Amino acid sequence: MKDFHFTTCDVFTDRMFSGNPLAVLTDARGLDDQAMQSIAREFNFSETTFVTAPADSRNTARVRIFTPTRELPFAGHPTVGTAFVLASADWDKAAELVLEENIGPVPVRIERDNGRIVRCTFTSARLPECIESAPPTRRTVADMLQIAVDEVAGSPEVWSCGVPYLVTPIATSHALMRAQLDLMRWRDALAGFITQEVYPIAQLDASTWRVRMFAPGAGVAEDPATGSAAAALAGWLVRRDPRPSGTRRWTVLQGEAVGRPSQIELEADVHDGIAQAVRVGGASVLVSEGVLRL
């Protein structure tokens, strides 16, 4: 038997038992793909991460990310949370860590206040892109979310920064919070489609959005906080902003519907109406530490 130490934290929150929980195995040497998938299924969080030595010694660590059912090339709350755990464990006192994920190197800025980590912010390895793929109609999405068709405020679009999401504007926050995913209609509508991740959004004010994310195909009925979707959302937001250049900032609220309120800070550097860089950040809190004996 071998001991594998783990840490859990809550991500995109400054309060324990809020945000999105994450398990991090800080030394995953010796674990194969099947073992990693089994461990992720055992924790049954949205994601679990496995840390090993980087391929490039200039980077901080190699990080693999698993949902309960599959490995992901990139994900936001695991990136923020893993950086937080490594920085908290004094892996590196630097102001920036670089995590090697399947999508490529992801830099994460570490912000401290009197030695306490207050925020970790990653720069997306890929810029947001709209994937032209004949998404389902407003009526189909309304039926899938069990809301009225006139509560879908625009046509659904697929946006991705490495993981694609079906971004769907909803007319009001009330309608968004009332939505419930109909699994049979979800299967019928998105079977074989480029994404099965449904990301309805509603505007609260000029710079604040409330969102939800349903991913039952990944073993996540509803995610409390989805950083990779927020990164993709930046592209959707920039496309609708008439200002051609500058840095745009938004707050993305998620998780209220599952009792785990989360807050994601989103930034995009824009030039000539196109996002040139996207950053996603937030706070995290340590929750537990333990040992797996395998």
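Nothing fancy with the numbering, it's 1 onward along the sequence. Since the structure is predicted, the reported quantities are computational estimates derived from the model, not experimental observations.
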Compare all side-chain heavy atoms of Leu99 with those of Pro105 and state whether any distance is below 4.5 angstrom. no
Using a 3.5 Å distance criterion without hydrogens, assess whether the side chain of Arg212 forms a donor-acceptor pair with backbone atoms of Met177. yes
Residues forming a side chain to side chain contact (heavy atoms under 4.5 Å, CB included) with Ala148, sequence neighbours excluded: Asp150, Glu151
With sequence neighbours left out, write down each residue that passes side chain to side chain contact (heavy atoms under 4.5 Å, CB included) with Val238, or none if nothing qualifies. Trp250, Ala268, Val270, Ala275
If we ignore hydrogens and angles and just use 3.5 Å, is the side chain of Trp186 paired with the main-chain N or O of Val141 as donor and acceptor? no
Between Asp113 and Arg116 (side chain of the first, backbone of the second, donor and acceptor by atom type, cut-off under 3.5 Å), is there such a pair? no
Taken in chain and number order and not counting sequence neighbours, the residues that satisfy side chain to side chain donor-acceptor pair (under 3.5 Å) with Arg70 are Glu197
Expected list for residues 283-294: side-chain donor-acceptor pairs under 3.5 angstrom, two or more places apart:
unit_1 : atom_1 : unit_2 : atom_2 : d
Ser288 : OG     : Thr8   : OG1    : 2.5
Arg293 : NE     : Asp3   : OD1    : 3.3

dist Met144:CE -> Leu181:CG (nearest 0.5 Å) comes out at 6.5 Å
Same hydrophobic cluster for Ile147 and Tyr199, using side-chain heavy-atom links shorter than 4.5 Å among ILVMFWY? no
Set of side chain to side chain donor-acceptor pair (under 3.5 Å) partners for Gln203, sequence neighbours left out: none
Please confirm whether the backbone N or O of Leu204 pairs with a side-chain atom of Thr208, one donor and one acceptor, at under 3.5 Å? no
With salt bridge (Lys or Arg N to Asp or Glu O under 4.0 Å) as the rule and sequence neighbours excluded, what pairs involving residues 249-258 come up? Arg210-Glu256, Arg249-Glu267
Test side-chain contact (heavy atoms from CB on, under 4.5 Å) on Trp209 and Leu253; report intermediate values, then the result. CA-CA 6 Å; Trp209 290 77; Leu253 304 177; over 6 Å; no
Calculate, to the nearest 0.5 Å, the distance between atoms CG and CH2 belonging to Asp241 and Trp236 respectively. 11.0 Å
For the pair Gln146 (side chain) and Gln180 (backbone), establish whether a donor and an acceptor sit closer than 3.5 Å, ignoring hydrogens and angles. yes
Can a donor-acceptor pair be found, under 3.5 Å and without considering hydrogens, that links the side chain of Ser18 to the backbone of Arg260? no
Would you say that Arg119 contacts Arg112 through its side chain, given a criterion of any heavy-atom pair below 4.5 Å between the two side chains? no
Transitively linked via ILVMFWY side-chain contacts under 4.5 Å: Tyr165 with Phe74? yes
What's the shortest heavy-atom distance between Ala142 and Val152, and which atoms? CB-CG2, 3.8 Å
Scan for salt bridge (Lys or Arg N to Asp or Glu O under 4.0 Å) pairs involving residues 33-54, sequence neighbours excluded, and state none if there are none. Asp33-Arg64
For Asp56, check salt bridge (Lys or Arg N to Asp or Glu O under 4.0 Å) against everything at least two apart and list the hits. Arg58
Would you confirm whether Asn59, through its side chain, and Ala61, through its main-chain N or O, come within 3.5 Å as a donor-acceptor pair? no
If only side-chain N and O atoms count, and only distance matters, is there a donor-acceptor pair under 3.5 Å linking Gln263 with Thr251? no
Residue set satisfying side chain to side chain donor-acceptor pair (under 3.5 Å) with Ser245, at least two apart, ordered chain then number -> none
If you count every heavy atom of other residues, nucleotides or ligands that lies below 6.0 Å from Phe193 atom CZ, does the total exceed 12? yes
Does a side chain donor of either Thr82 or Thr49 reach within less than 3.5 Å of an acceptor in the other side chain? yes
Stepwise, does the side-chain contact (heavy atoms from CB on, under 4.5 Å) test hold for Met36 with Glu71? CA-CA 9 Å; Met36 292 182 187; Glu71 185 173 10; over 6 Å; no
Do the ring centers of Phe4 and Phe50 come within less than 6.0 Å of each other? no
Could you walk me through whether Leu25 and Thr48 pass side-chain contact (heavy atoms from CB on, under 4.5 Å), step by step? CA-CA 8 Å; Leu25 276 73; Thr48 297; 4.2 Å; yes
So which atom in Pro224 and which in Gly19 form the shortest heavy-atom distance, rounded to 0.1 Å? CB-O, 3.5 Å
Take Glu100 and Arg62 through the salt bridge (Lys or Arg N to Asp or Glu O under 4.0 Å) test and state the conclusion after the steps. CA-CA 5 Å; Glu100 294 178 358; Arg62 169 84 167 102; 5.2 Å; no
Sequence neighbours excluded, the answer for side chain to side chain donor-acceptor pair (under 3.5 Å) partners of Asp223 is Asn20, Ser46, Thr226
With Ala221, which residues qualify under side chain to side chain contact (heavy atoms under 4.5 Å, CB included), at least two apart? none
Hey, does the side chain of Asp269 reach the backbone of Thr247 with a donor-acceptor pair shorter than 3.5 angstrom? no
With sequence neighbours left out, what residues match Ser160 under side chain to side chain contact (heavy atoms under 4.5 Å, CB included)? Ile131, Pro164
Check the pair Leu72 / Asn102 against side-chain contact (heavy atoms from CB on, under 4.5 Å), numbers first and verdict last. CA-CA 8 Å; Leu72 297 178; Asn102 286 354; over 6 Å; no
Looking at Arg279, is its backbone amide N or carbonyl O close enough to the side chain of Thr121 to form a donor-acceptor pair, meaning the two atoms are under 3.5 Å apart? no
Please confirm whether the backbone N or O of Val98 pairs with a side-chain atom of Thr60, one donor and one acceptor, at under 3.5 Å? yes
Under 4.5 Å between any side-chain heavy atoms of Leu266 and Val278, yes or no? yes
